[in-house]
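Inspection log for the structure reproduced underneath, given as structure tokens.
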Amino acid sequence: MRFNTRRVGHGRGGRTGGGAVALAILLLVGIGVAPAQAQEQDLVALQADAAQWVMPNGNYAAWNYSPLDRINVDNVRGLSVAWTFPLPILDSHQAAPLVVGDTMYLVTPKPNRVYALDLERNGMVEWEYRVELDDLDLVTRRACCGAQTRGLAYADGKLFFNALNGEAIALDAATGEELWRDDPTDYPSSEVRTGAPLVAGRVVIFGVSGGDRGVRGHVTAHDIDTGEVRWRFHNLGPNADVGIGPRFRPFYADDRIPNPALDSWYGDSWRLGGGAVWGWFSYDPVLNYVYYGTGNCGPWNPDYRREWGVIDLDEHGGVATYRNNYCASVLARDAATGELIWAYNITPQDQWDLDEVSAGVLVDLEIGGETRRAMIRASRNGYFYVLDRATGELLTEPWAFAPNDIMLGVDLETGRARYDIEKINFTNLEDRRRYVPDATSTAVAWCPGIWARNWQNDAYSPRTGLLYTSTSNRCGAMRVVEGEFVPGERYNLRASGGPPQPSPRGDHVDELQANDPVTGRTVWRVEWPTGNNTPVMATAGDLVFQGGSDQGLLRSFDAHTGDVVWTFGTGTGFQSSAISYLGPDGRQYIAIVGSSRPGDPVVTLDTPPAAASRHRRPGSMLYVFGLTP
């Protein structure tokens, strides 16, 4: 592998914009921040500067929210393009920019290029860094699903990111010079890195993907100065591998067993059990806990992870044995040591590909007359969870924000998901008939079809108290089949079960939802007849920004009502979140990368004039918007 940096200009130091004190009060009271370590103080101070956007999701609490309000519902119609920057990678971009001082930083999908853009000169390139992979074709084939990266991390004058082949890399933010890099992961076996890292204290934390190909997920913390591995723990397996020791204090009895991430698996099935980490992290500096969700259990066929053809449900439908901890789960670790503090299995014995890689959003909530340090998450299984982020206790009864006929609810006493036995998968019909006597097939029709929501960034607004989420309205049908594990190849062991059942929500495909975590209700929803599963960003101007795949439109919504208040057509699609910052001229800007892969629909003579394909072309472009002076 070769690494090249091209120096174009000179970096500058950090710039403090207006509103820093206001943001410190607004954001940090919500998560009780009183950090002790110097590095945490530096990053908290940077987050508290409204002018900058210094980490994925905007802050440690993963709000994806800007406290800037110079662009608001009253003047957003005056938003226009200020400048653009074309990106040379013809792929969908899932990483949002960072803004530190007067510099914007971007990272592209493979072959992974990093750009530093001068905001005083409308995006002139200060430097460019390129990762050149000698075996790029192999790495790309092994990467599931897509050769992506979801962002950069910044701290202490350094940028951190992962190449697709799993190398963790640190750059000098001012010059682009490489400071350190780690060895690749086992990418020939599909252990690659696509998620965004997180800096917590003096470590930067990375996960791995590959759970659909037999990879056993893990997280690794590197020293930000030297790159030395400080700790690495898996999410499945023996206690020593998972970081389970005296500090492990799970709330529910199912996890208070001697080897919870080992004995909850049949035999040694945990070795190929998935539980990858390819999404987002959040962090509470007071507790010093870092939070993340894990990917699907592997393979999808649950007979390979339990006694064959047997499922042990309690009287309420909860999985009592072979719960397959901790895939499709949420985990809390000590950031300095990696020790597991608590874990909660959201979809035990997951057999529907229900990854939990969206960010756990941290916010203090008034529940039952008491302020609770909460984590809220609209989960991939279609249920909305509010957990105590110190203990993992469910603070409210989870509720369905999207179609879900797998579950009948959650038992608050045990914490167990309650399953409908008719939706459980079995390889053989005779096994299924023991539980569903009138079954005529092993095919199962189910909602949500793959996901009720995916990895895309949510946004939380402290002004409205709502969590904004891209959701799916689809249902699916599947069978599970037998097969052999081949390293590097797909290890799903599932097949089509026929046409999917209709959605109980109607014919529309996706939604943008605003959900209240305290009352447990959807306050408003925007229905999309075509796919619109893209990230969301909110601002103190009472705006929600989201790019769409239909006609390449970037939209702004009224955060209180869901009304569309501004649109802009780009001729491409969107897979990354918008950000907001103050430019050197004191004006507020909105920045987003629009992108489409080469495989977009072809326009023919018969294509209707209003079809989305007529308005979309492959390509990638950074758009920066400001109010017309």
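Keep in mind it's a predicted model, so treat the numbers as computed, not measured.
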Taking atom types as modelled and ignoring hydrogens, do the side chains of Thr539 and Ser66 form a donor-acceptor contact shorter than 3.5 angstrom? no
Distance check, rounded to the nearest 0.5 Å: Thr572 atom OG1 versus Leu553 atom CG? 11.5 Å
Taking the side chain as every heavy atom from C-beta outward, state whether Arg142 and Asn165 have any pair of such atoms under 4.5 Å apart. no
Intermediate values then yes/no, side-chain hydrogen bond (donor to acceptor under 3.5 Å, both in side chains), Gln588 and Ser580: CA-CA 7 Å; Gln588 181 182 356; Ser580 189; 2.9 Å; yes
Distance only, no hydrogens: is a donor on one side chain within 3.5 Å (strictly under) of an acceptor on the other, for Gln456 and Asn454? no
Indicate whether the side chain of Ser620 and that of His93 have a donor and an acceptor atom separated by less than 3.5 Å. yes
Given Thr522, Asn457, Asp458, the one that forms side-chain hydrogen bond (donor to acceptor under 3.5 Å, both in side chains) with Thr469: Asp458
Cut-off 3.5 Å, side chains only: do Asn112 and Thr149 have a donor facing an acceptor? no
Asn235 versus Cys327: any side-chain heavy-atom pair under 4.5 Å? no
Compare every heavy atom of Ser470 with every heavy atom of Arg453, then report the nearest pair and how far apart it is. CB-O, 3.3 Å
Could you tell me which non-hydrogen atom of Leu622 sits nearest to which non-hydrogen atom of Ala591, and how far apart they are? CD1-CB, 4.3 Å
Please determine, by modelled atom types, if Asn296 and Asp212 share a side-chain donor-acceptor pair under 3.5 angstrom. yes
Do you know the tightest heavy-atom contact between Val54 and Val99? CG1-O, 3.7 Å
Will you find, in the side chains of Arg150 and Thr194, an N or O donor that is under 3.5 Å from an N or O acceptor? yes
Is there a side-chain contact between Leu387 and Leu395 in this structure, where contact means two heavy atoms from C-beta onward sitting under 4.5 Å apart? no
Measure across Arg77 and Val565 and return the closest heavy-atom pair with its distance rounded to 0.1 Å. CG-O, 3.4 Å
Would you check if the side chain of Gln148 reaches a backbone N or O of Ser92 as a donor-acceptor pair within less than 3.5 Å? yes
What distance separates Tyr187 OH from Leu164 CG, expressed to the nearest 0.5 Å? 10.5 Å
Among Trp53, Tyr60, Trp63, find the residue that satisfies the side chain to side chain contact (heavy atoms under 4.5 Å, CB included) test when tested with Gln47. Tyr60
Mind checking the OG-CD spacing from Ser472 to Glu511? Nearest 0.5 Å is all I need. 9.0 Å
Salt bridge or not for Asp353 and Arg494, using N-O below 4.0 Å? no
Pair Tyr468, Thr464: side-chain N/O donor-acceptor within cut-off below 3.5 Å: yes
Nearest atoms (heavy-atom pairs only) where Gly409 meets Tyr383: N-OH, 3.5 Å
Looking at Ser556 and Phe545, would you say the former's side chain and the latter's main chain have a donor-acceptor pair under 3.5 Å? no
Using a distance-only test with no angle check, is there a side-chain donor-acceptor pair under 3.5 angstrom linking Gln546 and Asn532? yes
Could you check whether any side-chain heavy atom of Leu87 comes within less than 4.5 Å of a side-chain heavy atom of Leu106, counting everything from C-beta outward? yes
Please round to the nearest 0.5 Å and tell me the distance separating atom CD of Glu356 and atom CH2 of Trp451. 13.5 Å
May I ask you to decide whether Arg380 forms a salt bridge with Asp355, counting only side-chain N to carboxylate O separations under 4.0 Å? yes
Rounded distance [0.5 Å steps], CG in Leu68 versus CD1 in Ile579: 10.5 Å
Indicate whether any N or O donor in one side chain lies under 3.5 Å from an N or O acceptor in the other, for Thr561 and Asp563. yes
Between Asn404 and Trp446, is any side-chain donor less than 3.5 angstrom from a side-chain acceptor? no
Less than 6.0 Å separating the ring centroids of Trp566 and Phe625? yes
Side-chain donor-acceptor pair present, Thr347, Asn381, cut-off under 3.5 Å: yes
Does some side-chain heavy atom of Ile406 sit less than 4.5 Å from a side-chain heavy atom of Leu354? yes
Rounding to 0.5 Å, atoms CG (Leu467) and CZ (Phe401) come to a distance of 9.0 Å
Using ring centroids (six-membered ring only for Trp), state whether Tyr292 and Trp455 fall under 6.0 Å. no
On the 0 to 90° scale, with breaks at 30° and 60°, tag the Tyr581-Tyr589 ring pair as parallel, tilted or perpendicular. parallel
Does the ring center of Phe85 lie less than 6.0 Å from the ring center of Tyr115? yes
Can you find a pair of side-chain heavy atoms, one from Asp542 and one from Arg463, that are under 4.5 Å apart? yes
